[in-house]
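Because the structure is a prediction, the values reported are computed rather than measured. Residue numbers begin at 1 in each chain, while the letters A, B, ... track the order of the sequences.
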Number of protein chains: 2
Amino acid sequence: MQSYTEENYLKVIYHLSEANHPVQTNAIAERIQTKAASVTDMIKKLSEKELVNYVKYQGVTLTEKGKLTAINIVRKHRLWEVFLVDKLNFKWDEVHEVAEELEHIQSNLLIERLDEFLDFPKVDPHGDPIPDKHGNFAELAFVKLSKLNSGDKGTITGVSEHSSSFLKHLEKLGLTLGKRIEIIEVLEFDGSVELFVEQQKTNISREVAKHILITKN
Amino acid sequence: MQSYTEENYLKVIYHLSEANHPVQTNAIAERIQTKAASVTDMIKKLSEKELVNYVKYQGVTLTEKGKLTAINIVRKHRLWEVFLVDKLNFKWDEVHEVAEELEHIQSNLLIERLDEFLDFPKVDPHGDPIPDKHGNFAELAFVKLSKLNSGDKGTITGVSEHSSSFLKHLEKLGLTLGKRIEIIEVLEFDGSVELFVEQQKTNISREVAKHILITKN
DNA sequence: TTTATTGTTTAGACAAATCTAAAAATTTTA
DNA sequence: TAAAATTTTTAGATTTGTCTAAACAATAAA
Ligand SMILES: [Mn+2]
Ligand SMILES: [Mn+2]
Ligand SMILES: [Mn+2]
Ligand SMILES: [Mn+2]
């Protein structure tokens, strides 16, 4: 069993990992809001436990065991977010902090029953995929809205930024999960996007467009 | 805000408190599965924070602030137990350990929404009363089954022992919350009780009878 | 290919919660 | 009420996770 803190490190390393590239000490430090020296200490400990592969000055990667542990925490986080939104009427910008705590509750029975109670959801309230109990993700074909061209149509199926301010902004524009959109024009000079959201014409900045995920159809 | 550990101390002191009698260091140590020396240290810390009244060698009592904090943890514990039984189909002997973890989740919104989702339950799966958000308990008139005499009738409305083995034993005998009982005879020589549980004749030891709570009617 | 810059690790210290062993206070018993 | 037993506290250490400051390594710039 891992401590609350160890679990958080594993989860952060997981989220920072891309295609087998080792994750840097400073990147972890920034995410966890701590100092690089503390990260080095913890990495050594996780390495002892064979949860990460660590070579001095070369950063870390997760071992298979570490990856499974991390994915399980992600699974719990996202299931709890679904619970909060679907059952307790939380808004999608209110769930993250509480899920950060709930994800550390230790009980397999609890999480399997919760999964069942929620009717085995495949995505969380932000469109992020929920792995099954074996750590397998359903493949989801997302495209960033910022990659679309005029005339393209699709459905909003996710966001890649979870801050409350961003989510509230989308809410205000009516850009929530499940909404159909159609690109009218991508403006040359600032990359901002003019689009229809179910008849309604709107304009969003390139920055916002980058964090909206679309399934083309 | 208190730490996880501080919260556990407050809760234990609350449960050990009876009619303003100070709670002894050793009693706390036993409940928390720690050593008396550790308890003394923590008590000093809680005293600093004005959560307990502490006089060296004289034991502790909760301050008003400490008591409210403790009751809030009890409230959370019991609401989560209701959730686990009513919504996730846990058995009454399976909920306590998980609730021990869930009770420390920090979110007022969460707990108020959960209360609402569960339809404002007044008692938990063991018949223990759930305080409202202001810390007020509904008055419940319980009598220990061991205090009843032959001919007395009533309904099982609670238990004062929460171990899994005890609860499973009751389950086996059909002695679960809501069941109507009638005392046939209290045996002289060992205090064991012969009773009807909805037509079915059963015999239980005095020890078991002491931990079953009855509403006479 | 030296020098600067950036990133990482080590050394030593600290706070929280725990422990053991010994000292002190309280309560019980004789 | 003095001795014995029990309970509680203190002193000093330990573990976990953190920090600062300084040393070290890797990378970028000159
Ligand atoms: Mn989240
Ligand atoms: Mn999410
Ligand atoms: Mn319980
Ligand atoms: Mn209970």
Side-chain angles (χ1 to χ4, degrees), chain A residues 1-18 20-62 66 69-70 73 100-101 103-104 106, chain B residues 1-18 20-62 66 69-70 73 100-101 103-104 106:
Chain A
M1 224 53 336
Q2 295 78 226
S3 72
Y4 186 105
T5 314
E6 288 170 331
E7 289 194 348
N8 277 335
Y9 272 87
L10 290 174
K11 190 183 57 164
V12 163
I13 294 167
Y14 174 77
H15 284 309
L16 290 171
S17 294
E18 299 184 331
N20 280 17
H21 275 273
V23 177
Q24 308 200 116
T25 305
N26 271 347
I28 299 169
E30 196 186 353
R31 273 284 193 112
I32 272 170
Q33 296 275 64
T34 186
K35 296 295 148 73
S38 311
V39 173
T40 302
D41 286 345
M42 179 57 81
I43 280 172
K44 282 181 183 166
K45 197 174 153 197
L46 294 174
S47 180
E48 284 290 309
K49 294 191 175 188
E50 305 198 295
L51 292 161
V52 300
N53 306 114
Y54 171 55
V55 184
K56 261 192 200 177
Y57 293 100
Q58 304 301 138
V60 282
T61 56
L62 292 170
T69 307
I73 300 161
E100 286 289 308
E101 290 190 54
E103 71 189 6
H104 300 289
Q106 301 289 351
Chain B
M1 225 53 337
Q2 296 78 227
S3 70
Y4 187 105
T5 314
E6 289 169 332
E7 289 194 348
N8 277 334
Y9 272 88
L10 290 174
K11 191 184 56 165
V12 162
I13 294 166
Y14 174 76
H15 284 309
L16 290 171
S17 295
E18 300 185 330
N20 279 17
H21 276 271
V23 177
Q24 306 199 115
T25 306
N26 272 346
I28 299 169
E30 196 186 354
R31 274 286 194 112
I32 274 173
Q33 296 274 63
T34 186
K35 297 295 147 72
S38 311
V39 174
T40 302
D41 287 345
M42 180 56 81
I43 280 173
K44 282 181 182 165
K45 196 174 152 196
L46 294 174
S47 180
E48 284 290 309
K49 294 191 173 188
E50 305 197 296
L51 292 160
V52 300
N53 306 115
Y54 171 55
V55 185
K56 260 193 201 177
Y57 293 98
Q58 304 300 139
V60 281
T61 57
L62 292 170
T69 307
I73 299 161
E100 286 289 308
E101 290 189 54
E103 71 189 5
H104 300 289
Q106 300 290 351

Atom pairs and distances, donor-acceptor, side-chain atoms in residues 4-17 of chain A, under 3.5 Å, two or more places apart:
from, atom 1, to, atom 2, distance (Å)
Glu6(A), OE1, Ser3(A), N, 2.7
Glu6(A), OE1, Lys49(A), NZ, 3.2
Glu6(A), OE2, Lys45(A), NZ, 3.1
Glu6(A), OE2, Lys49(A), NZ, 3.0
Glu7(A), OE1, His104(A), ND1, 2.6
Glu7(A), OE2, Gln106(A), NE2, 2.9
Asn8(A), OD1, His104(A), NE2, 3.1
Lys11(A), NZ, Glu100(A), OE1, 2.8
Lys11(A), NZ, Glu100(A), OE2, 3.0
Lys11(A), NZ, Glu103(A), OE1, 3.3
Lys11(A), NZ, Glu103(A), OE2, 2.6
Ser17(A), OG, Ile13(A), O, 2.7

Pairing residues for Asn53(B) by the side chain to side chain donor-acceptor pair (under 3.5 Å) criterion, not counting sequence neighbours: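 If we apply the side chain to side chain donor-acceptor pair (under 3.5 Å) test to Asn53(B), skipping adjacent residues, the hits are Thr61(B).
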
Side chain to side chain contact (heavy atoms under 4.5 Å, CB included) involving Ala37(B) - partner list, sequence neighbours excluded: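 Ala37(B) satisfies side chain to side chain contact (heavy atoms under 4.5 Å, CB included) with no other residue.
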
Earlier contact from the 5' end, DNA chain D, for Glu6(A) and Val23(B):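 Result of the comparison: Val23(B).
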
In this structure, how many angstroms lie between the [atom2] atom of [N] and the [atom1] atom of [X], rounded?
| X | N | atom1 | atom2 | result |
| --- | --- | --- | --- | --- |
| Lys44(A) | dT8(C) | NZ | P | 14 Å |
| Gln24(A) | dA26(D) | CD | P | 13 Å |
| Glu30(B) | dT8(D) | CD | P | 12 Å |

dT8(D) phosphate, OP1 or OP2, under 4.0 Å from Asn26(B) side-chain N/O: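 Checking dT8(D) against Asn26(B), a side-chain N or O does come within under 4.0 Å of OP1 or OP2.
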
Under 4.0 Å protein heavy-atom contact, by nucleotide of nucleotides 18-28 of chain C - B base, S sugar-phosphate only: BBB---BSS--

Touch class at under 4.0 angstrom, heavy-atom based, for Tyr54(B) against every strand present: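 Sugar-phosphate: the residue Tyr54(B), judged by heavy atoms under 4.0 Å, touches backbone atoms but no base.
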
Close side-chain approach of Val60(A) to Leu46(A), heavy-atom, < 4.5 Å: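 Val60(A) does not reach Leu46(A) side chain to side chain.
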
Closest approach of Pro22(B) to Gly59(B) (non-hydrogen atoms, all atoms of both residues):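 Heavy atoms only, the tightest pair is CB-C, 4.1 Å.
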
Out of dT9(C), dT8(D), dG7(C), whichever nucleotide has its closest atom nearest the side chain of Thr25(A):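 Comparing dT9(C), dT8(D), dG7(C) against the side chain of Thr25(A), the answer is dT9(C).
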
All pairs passing salt bridge (charged side-chain N to carboxylate O under 4.0 Å, His left out) where residues 20-40 of chain B contributes a residue, at least two apart: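 For residues 20-40 of chain B, and leaving out neighbouring residues, there are no salt bridge (charged side-chain N to carboxylate O under 4.0 Å, His left out) pairs at all.
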
